[in-house]
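When a ligand or atom number is given, it counts from 1 through the structure's own listing order. For clarity, every value in this text was computed on a predicted model and none was experimentally measured.
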Amino acid sequence: MKERIEELRREAESYPITDQESLEQYRIIYLSKKGFIHSLFDGFRDVPAEAKKETGLLLNNLKQFATDRYNASKESLSSAETASSGADLSMPSVPYGEGSRHPISIVRKEIIDIFSRIGFTVSEGPEIEDDNHVFSMLNFPKDHPARDMQDTFYIKKISGEESDPHDVLLRTHTSSVQVRVMESQKPPIRTISPGRVFRNEAVSARAHCIFHQIEGLYIAENVSFADLRQVLLYFAREFFGKDVSIRLRPSFFPFTEPSAEMDVSCNLCGGKGCNVCKGTGWLELLGCGMVDPNVLEACGIDPVRYTGYAFGMGIERAAMLKYRVNDLRLYFENDIRFLSQFRTEIV
Ligand code: DAH
């Protein structure tokens with residue numbers, strides 16, 4: 001038997017395995033139930049007792065050897081097949097596109113971060129609102145042009161009257177959120193409210209029927225216009241860089257008294273005057289003012305004890321000034337050639 005084992009080992013070693021077919025032949029001849037090695041095991045019981053130990057060892061070694069060769073050949077055949085299928089295994093994988101945040105989300109987050117650092121919380125309100133929260137409680141007179149169907153998208157008109165406080169509409173500004181906050185919270189209140197707003201406007205480079213605003217509100221005792229100016233200067237420096245200057249121009253809003261509009265120095269020409277700022281050196285950024293006592297009263301806050309300021313800005317407008325994009329529509333078209341230019345670390 002010993003000789004037969006050695007013979008088989010030599011055979012198994014030199015058996016030509018070149019493809020799947022010869023591999024299978026090899027398996028049948030040496031390793032299958034009817035193969036040579038198995039039949040040797042069958043003959044093992046006739047081996048004389050004194051030779052059993054040695055023969056068993058040799059037999060096991062032979063089986064191990066034949067099995068190892070089978071496995072190794074199988075593996076090298078299959079990797080040879082992949083290589084010959086034309087695939088270049090050293091090629092780097094297809095790059096995985098990661099996407100990027102929308103510039104409006106980036107700017108929104110940045111503005112929220114700037115105000116959070118000085119204690120402002122974030123509050124949100126509904127996009128579908130009633131006349132009361134968007135206009136009446138904000139001191140808009142009944143015949144104010146902003147209530148006109150041409151400016152406001154109405155969902156449900158309650159009565160035939162020009163303006164019914166129960167009329168349902170899409171909010172035209174985020175100032176409605178300050179009303180909701182003041183109705184439900186007691187001063188001191190320090191909050192910002194980002195959100196989508198809707199206006200019945202034809203879409204152009206400078207106007208859109210949907211855009212985003214951030215509203216700011218601070219109500220406490222002894223809040224002054226100087227506080228407002230200081231917080232706006234802080235914001236402008238954080239957002240545009242520390243060399244920016246601001247100016248406040250008198251303006252009018254029904255819900256603030258006095259009211260102002262804030263300009264920032266043109267970041268393109270540094271205030272000298274260019275075609276972006278139309279030679280003025282200034283770019284308009286937001287509306288603001290001291291909350292009108294009528295508004296405080298309508299929201300159940302004592303206007304004798306408390307004062308406060310409010311401000312509101314368009315997020316698209318802030319983004320346009322920061323990134324010098326002069327067509328609003330780009331923010332809504334979602335063309336990835338535009339969007340992918342706004343890479344950020346912010347998550
Ligand atoms: N709501 C105003 C608008 O949509 C922006 C605004 C102006 C908000 C003055 C304010 C403010 O809070 O005080 O044009």
task: For the pair F342 and Y323, name the ring-plane relationship: parallel under 30°, tilted 30 to 60°, perpendicular over 60°.
output: perpendicular
- request: Give the contacting part of C288 toward ligand 1: side chain, backbone, both or neither, where contact means a heavy-atom distance below 4.0 Å.
  value: backbone
message: So that I can tick it off, tell me whether R108 and E124 are bridged by a salt bridge, with the cut-off set at under 4.0 angstrom between side-chain N and carboxylate O.
response: yes
task: Could you tell me whether D131 and R147 make a salt bridge, using a distance below 4.0 angstrom between a side-chain N and a carboxylate O?
output: yes
task: State the atoms of ligand 1, each with its element, that fall below the 4.0 Å cut-off from a heavy-atom position in G289.
output: 13 (O)
message: Between E24 and R27, does any NZ, NE, NH1 or NH2 come within less than 4.0 Å of an OD or OE carboxylate oxygen?
response: yes
task: Taking only heavy atoms of S175 into account, list the atoms of ligand 1 that are under 4.0 Å away from them.
output: 1 (N), 8 (C)
Residues R69, E13: salt bridge by 4.0 Å N-O rule: no
field: Contacting atoms of ligand 1, where contact means under 4.0 angstrom from a heavy atom of Q178
entry: 12 (O)
- line: The atoms of ligand 1 lying under 4.0 Å from a heavy atom of T256, numbered in the order shown, are 13 (O)
field: Atoms of ligand 1, numbered as shown, that sit under 4.0 Å from any heavy atom of Q213
entry: 3 (C), 4 (O)
Closest approach of any protein heavy atom to atom 12 (O) of ligand 1, naming residue and atom: E215 OE2, 2.5 Å
task: Return the option from E261, H173, M313, R199 holding the heavy atom at the smallest distance from atom 14 (O) of ligand 1.
output: R199
- prompt: Should you measure from each heavy atom of A310, which atoms of ligand 1 turn up under 4.0 Å away?
  reply: 12 (O), 13 (O)
field: Cationic N near anionic O, under 4.0 Å, R117 to D113
entry: no
query: Within less than 4.0 angstrom of ligand 1, does F255 place any heavy atom?
result: yes
message: In the structure I gave you, are the side-chain heavy atoms of D263 and I246 within less than 4.5 Å of one another anywhere?
response: no
- request: Inspect the contact between E6 and R9 and indicate whether a charged nitrogen and a carboxylate oxygen are less than 4.0 angstrom apart.
  value: no
field: For G287, the ligand 1 atoms whose distance to one of its heavy atoms is below 4.0 Å
entry: 7 (C), 9 (C), 11 (C)
